[in-house]
Structure formats: structure tokens, C-alpha cells
**Student:** 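One structure follows; several queries about it will come next.
Fair warning: this is a prediction, and the values are worked out from it, not measured in the lab.
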Number of protein chains: 2
Amino acid sequence: MLNNYSSADKVLLAVDCIIFGFDNAGLKILLIQRDFEPEKGKWSLIGGFLKRDEVLDAAATRILNTYTGLNDIYMEQLYAYSEIDRDPVERTISVSYFALINIENHNAELIQNYHAEWFPINEAPNLIFDHNEMVQNAIKRLRYKTSVKPIGFELLPEKFTMRQLLELYEAILSKELDKRNFISKINSLEILNKLDEKDMQSSRKGSYLYTFNKEKYEEKLLNDFVLNL
Amino acid sequence: MLNNYSSADKVLLAVDCIIFGFDNAGLKILLIQRDFEPEKGKWSLIGGFLKRDEVLDAAATRILNTYTGLNDIYMEQLYAYSEIDRDPVERTISVSYFALINIENHNAELIQNYHAEWFPINEAPNLIFDHNEMVQNAIKRLRYKTSVKPIGFELLPEKFTMRQLLELYEAILSKELDKRNFISKINSLEILNKLDEKDMQSSRKGSYLYTFNKEKYEEKLLNDFVLNL
DNA sequence: TTTATTAATGTAGTTTTTACACTTACATTA
DNA sequence: TAATGTAAGTGTAAAAACTACATTAATAAA
């Protein structure tokens, strides 16, 4: 009964990446304008095909690197999309991945070369294929993640203020949070280092800068917790 | 640049199903003894290949039906496994699905014909390929699901006692739950109908039977909630 | 030195969660 | 038919978590 294998259909397997970034203006996703058919010129997630000798995680990493120049980015597999005609050219199953990156750190040139652009999540253009759905599901997953894992290290600059962290969470959850309650909940996680340094951009008084305590942060990544914001 | 497609590698895409069932003895998974190479005779999840004109959900449903005769079973996609040599015969990416079924309702004959067997989750044999990992991840997902969606309708007989429901949750979470607190939390969901009928098997006094209120149950399935057990 | 602006900080009231033990109903047996 | 044994059923008080909320502090600019 070896023909279980030989009689089976082969398909193309793609990877599409939902890349989240954050800056003063809020939560954004990285999109490209396709430079090949079909749907040339339309906006799309960055993506590519899985190679024969490559695991999915590696494909996602390679694709991210191709378009942004970034390495060592945390990515997470989300879901396999398999509607028959989702790609009009050929039957293609696509596995979505999401990544969190610091907008300031990305290689702007590469993004330029690929006609890539950051869009606020609420102002993103209509996307090809089922990419809109992929984005919506990724946002859901990102929201969920805030409640069980620490988030921020990936999206914020190395030194950041409490307000920036608060605004990041507000952008992800798309709701207002009480500042004092937020601070005490975050502090209870014990993943921040408060520096002696202040950021003077935002006010006369200046606000303390923080860094993530990398060891504690990664310790928390290993075990789920519950964070009600 | 149409050769984006033509130059891409095609692969086999499989679906493997983690099928959970529950009876007096606890939480179980359905496994089969493979009747084809490789690994003929070893225990495995039930699975099969995706067909060219089939979406993944349909493949999962078809495979479940083939081995159990069951239809209309809730299934959920979990994860795509893509290690290069996970299947020694040929490069195969497998998408796992999990299903919850009522052991009493399955078609025993079909299971017999396919050398399938229910195993308590803690006493399952070693499985082929990466199927052990798939099972472990499915258990994690099932645990998570208890905290955001109602579970039970799929796994319990139509009429059941509070104790059965409690034991189901204890089996899934693999921890003891306080009986009174459990009952009041479940009652607060308002998804149960208390019948006038009693089950006299378990005690002299007899314990009330319940059914799920199908409308309210499915309403709750649409929206997440938080259930701390 | 006054003013304007954002940062920083604590608590009381409410809600939720937890821990916990006795009584009830009934079949069985003496 | 009375006594016994077994699991079912039920409520509360204490602790913990969460929410809402307003004043003072630090500093640069005028």
C-alpha cells in the first residue's frame, strides 16, 4: 500500500507573514506592493514559497529577511489557509506567520526596494487573496498573546517610557487602559528595569526610561501567566 | 515573473487528527495501527493526504469519517508540522486537527476494521513520526479551550450528571477541582438544563441528570468567555 | 518667580475567588 | 421496618483581585 504516497496530490505551499510594528503613531503592519502577476501592483502581505528542503519556520524567517534585512526575529506560526481558489494561478496552501519588529530597526532601504510600506492597522488598504482575513486573525492572536506572554521587547526601542508601553498595549487591545492600574500590573510581572535616566521629549518633568530585564522577560515567555488588562 | 509559481517546489500535504473521547475511565485518544509501510504495525494518529480539490477542513472531516463513520463533528485546525524528514518516505507537511467525540456514538465496526483503538491519554503507546508531539500540543489546546469555550456537548452522552461533567474537566485539566465551586461556575454559564430525572447508577440517592441547552451552548461558542477552574 | 505640562503615586470600595463541612435521599441489609 | 452506608446536594465567610479615582511633584519656558 505504498501508493498511499504515490497517488497523493502535491501542492504548492506558501508562507505569508503578518509583520507588526509599533511607533508613536500606533500599531502598524508591513505590506508590499506586488511586482508580479497576478494582482501586480496590489497590496499584499510579504510571502513566498516553501522550498523542498526547508521547514516552515525557516521559510518564514527567510522571507522576512529578504524583505526587511532583519534576522533573529521572533515569529510564530498561525494558521494554514487552503481555500481552493484562494490563489487564482495555482492551488496553493498558505501558512501564515506573525512577527513583531521594532520599526526603527528595520532596514529601510530593503523595504524601499521592495515597495514595502508600513500601514496603521486601521488604515491598511485592501489586500489580495485572503490576506485581509489573515491579518484579522493575526490581530486576534496578538491580542490573546498580551494576556499570557509579555510583549514589548520586540516592538519598542531598547529604552522606553511607561507611557510608550501603555500606548503599545492600548494599540494592540484597541481600548483605553487605566494608567495606574496598568503600571501596577506590569510592575507585578517584574520584567522591567527602571533606569535613572529620563526621557525629556514628552514633558517638562521628564519620564523615567525603562528597559526589559531580558532574563526575566524570557523566563516569562516560557510559562504562561494571566494578565487582565 | 510568473515563474514565482512555476519554479516553486510542490509537496505532499497530509492531515492528522487527534481525536479525543471521554468515558468513565477518563480522557482518551483514538489511534490506529498502521496497515501500510512505513512503520506498518506501529500506532499512529489517523490521517491521510489532502486532495487537489479539497480544503483542509474537508480533508480532516473526510478522514475522520473514513475511520469512524462519524459526521458533523466539530474539528479545529491546530498546527502545520514540516520537519524535513518527519515522514521518511517523502517530504510531507502535515496539518493537525483535533476533534472531540462521544465514544459511545462512534461506529465500533469501522474502528475494528481499521485496527483503531481508544487509549487513555496517559497510557498511549509511542507513536510514529512526530505524532507524539502533535498529541501533546493538542492536549494543551484542549486545556486552553476549556477556559474560553464550553466543552462537553461533544464528549458526554446526551444526559449526564454533574459528576460526569466535573470528571471530564478534571481529566482535561488533569487536576482536582472543588465540587461546589465547579458547580456554581458552570451554572453561571447558564448552558445546562437540569432534568427531573435521576441517574441511579452512581449512588443510593441518585444524581440529577442534565442536558446541554443547545441554543445557549452554541451562543457561548460564538463568543469567548473566561472560566477560571 | 510664575505658569503650564505631563509624570508619579496610593487607597477605599467592590467584585471575584477560594476554602471548607454538614445534611439529605435512598437502596441495601440486618 | 429500622439501621446503615454512600454519594449528592448545598451556603458562607475570608481572602484576593480588581476597579475607580485625584492630588502632588518636577521641570522648562515665559
**Student:** What parts of residues 203-213 of chain A reach DNA chain D, counting only heavy atoms under 4.0 Å away?
**Tutor:** A:Arg204, A:Lys205
**Student:** Name all residues meeting the side-chain contact (heavy atoms from CB on, under 4.5 Å) criterion together with B:Asn213; count only those two or more places apart in sequence or in a different chain, and write none if there are none.
**Tutor:** B:Asn193, B:Glu215, B:Lys216
**Student:** Under the salt bridge (Lys or Arg N to Asp or Glu O under 4.0 Å) rule, collect the residues that match up with A:Arg34, sequence neighbours excluded.
**Tutor:** none
**Student:** Does NZ or CZ of A:Lys198 come closer than 6.0 Å to the centre of the six-membered ring of A:Tyr208, within 45° of the ring's axis?
**Tutor:** yes
**Student:** For B:Tyr81 and B:Tyr79, I'd like to know if the aromatic rings sit close, meaning centre-to-centre distance below 6.0 Å.
**Tutor:** yes
**Student:** Does CD belonging to B:Glu158 count more than 12 external heavy atoms closer than 6.0 Å?
**Tutor:** no
**Student:** Any salt bridge between A:Glu83 and A:Arg86, counting N to O under 4.0 Å?
**Tutor:** no
**Student:** Are the side chain of B:Tyr97 and the backbone N or O of B:Leu78 linked by a donor-acceptor pair below 3.5 Å?
**Tutor:** no
**Student:** Excluding sequence neighbours, so at least two apart, what forms side chain to side chain donor-acceptor pair (under 3.5 Å) with A:Asn126?
**Tutor:** A:Asn132
**Student:** Do A:Tyr217 side-chain atoms and A:Pro150 backbone N/O form a donor-acceptor pair below 3.5 Å?
**Tutor:** yes
**Student:** What range of DNA chain D does chain B touch, first nucleotide to last, counting atoms under 4.0 Å from its heavy atoms?
**Tutor:** D:dG5 to D:dG11
**Student:** Could you list by number each residue of residues 220-229 of chain A showing a heavy-atom separation from DNA chain D of less than 4.0 Å, or answer none if no residue does?
**Tutor:** A:Asn228
**Student:** Determine whether a donor-acceptor pair (N or O, by modelled atom type, separation under 3.5 Å) exists between the side chain of A:His115 and the backbone of A:Gln33.
**Tutor:** no
**Student:** Over how many whole Å does the gap from A:Leu165 atom CG to C:dA7 atom P extend?
**Tutor:** 14 Å
**Student:** Where along residues 143-153 of chain B does a heavy atom come under 4.0 Å from DNA chain C, residue by residue in number order?
**Tutor:** none
**Student:** Any side-chain donor paired with an acceptor under 3.5 Å for B:Asp16 and B:Ser96?
**Tutor:** no
**Student:** For B:Lys220, which residues count as a salt bridge (Lys or Arg N to Asp or Glu O under 4.0 Å) partner, sequence neighbours excluded?
**Tutor:** none
**Student:** To the nearest angstrom, how far is A:Leu192 atom CG from C:dA8 atom P?
**Tutor:** 12 Å
**Student:** What side-chain donor-acceptor pairs closer than 3.5 Å can you find for residues 169-186 of chain A, not counting sequence neighbours?
**Tutor:**
| residue | atom | partner | partner atom | Å |
| --- | --- | --- | --- | --- |
| A:Tyr169 | OH | A:Ile151 | N | 3.4 |
| A:Tyr169 | OH | A:Ile151 | O | 3.4 |
| A:Glu170 | OE2 | A:Leu177 | N | 2.8 |
| A:Lys175 | NZ | A:Leu229 | O | 3.3 |
| A:Asp178 | OD1 | A:Arg180 | N | 3.1 |
| A:Asp178 | OD1 | A:Asn181 | N | 2.9 |
| A:Asp178 | OD1 | A:Asn181 | ND2 | 3.4 |
| A:Ser184 | OG | A:Arg180 | O | 3.3 |
| A:Ser184 | OG | A:Asn181 | O | 3.2 |
| A:Lys185 | NZ | A:Asn228 | O | 2.6 |

**Student:** Check side-chain contact (heavy atoms from CB on, under 4.5 Å) between B:Asp224 and all other residues, then give those that pass, not counting sequence neighbours.
**Tutor:** B:Val148, B:Lys149
**Student:** Ring pair (Phe, Tyr, Trp, His ring centres under 6.0 Å) between B:Tyr74 and B:Phe153: does it pass, once the steps are laid out?
**Tutor:** CA-CA 10 Å; B:Tyr74 173 76; B:Phe153 203 72; over 10 Å; no
**Student:** Supply the atom-to-atom distance B:Leu100 CG to B:Glu76 CD, rounded to the nearest 0.5 angstrom.
**Tutor:** 8.5 Å
**Student:** Quick one, which residues of residues 170-187 of chain A touch DNA chain D with a heavy atom under 4.0 Å?
**Tutor:** A:Asp178, A:Arg180, A:Asn181, A:Lys185
**Student:** Quick check on the helix from C:dT1-D:dA30 to C:dA30-D:dT1: what's the angle between its two end axes, five base pairs per end, to the nearest 10°?
**Tutor:** 10°
**Student:** Supply the atom-to-atom distance A:Leu168 CG to A:Thr146 OG1, rounded to the nearest 0.5 angstrom.
**Tutor:** 9.5 Å
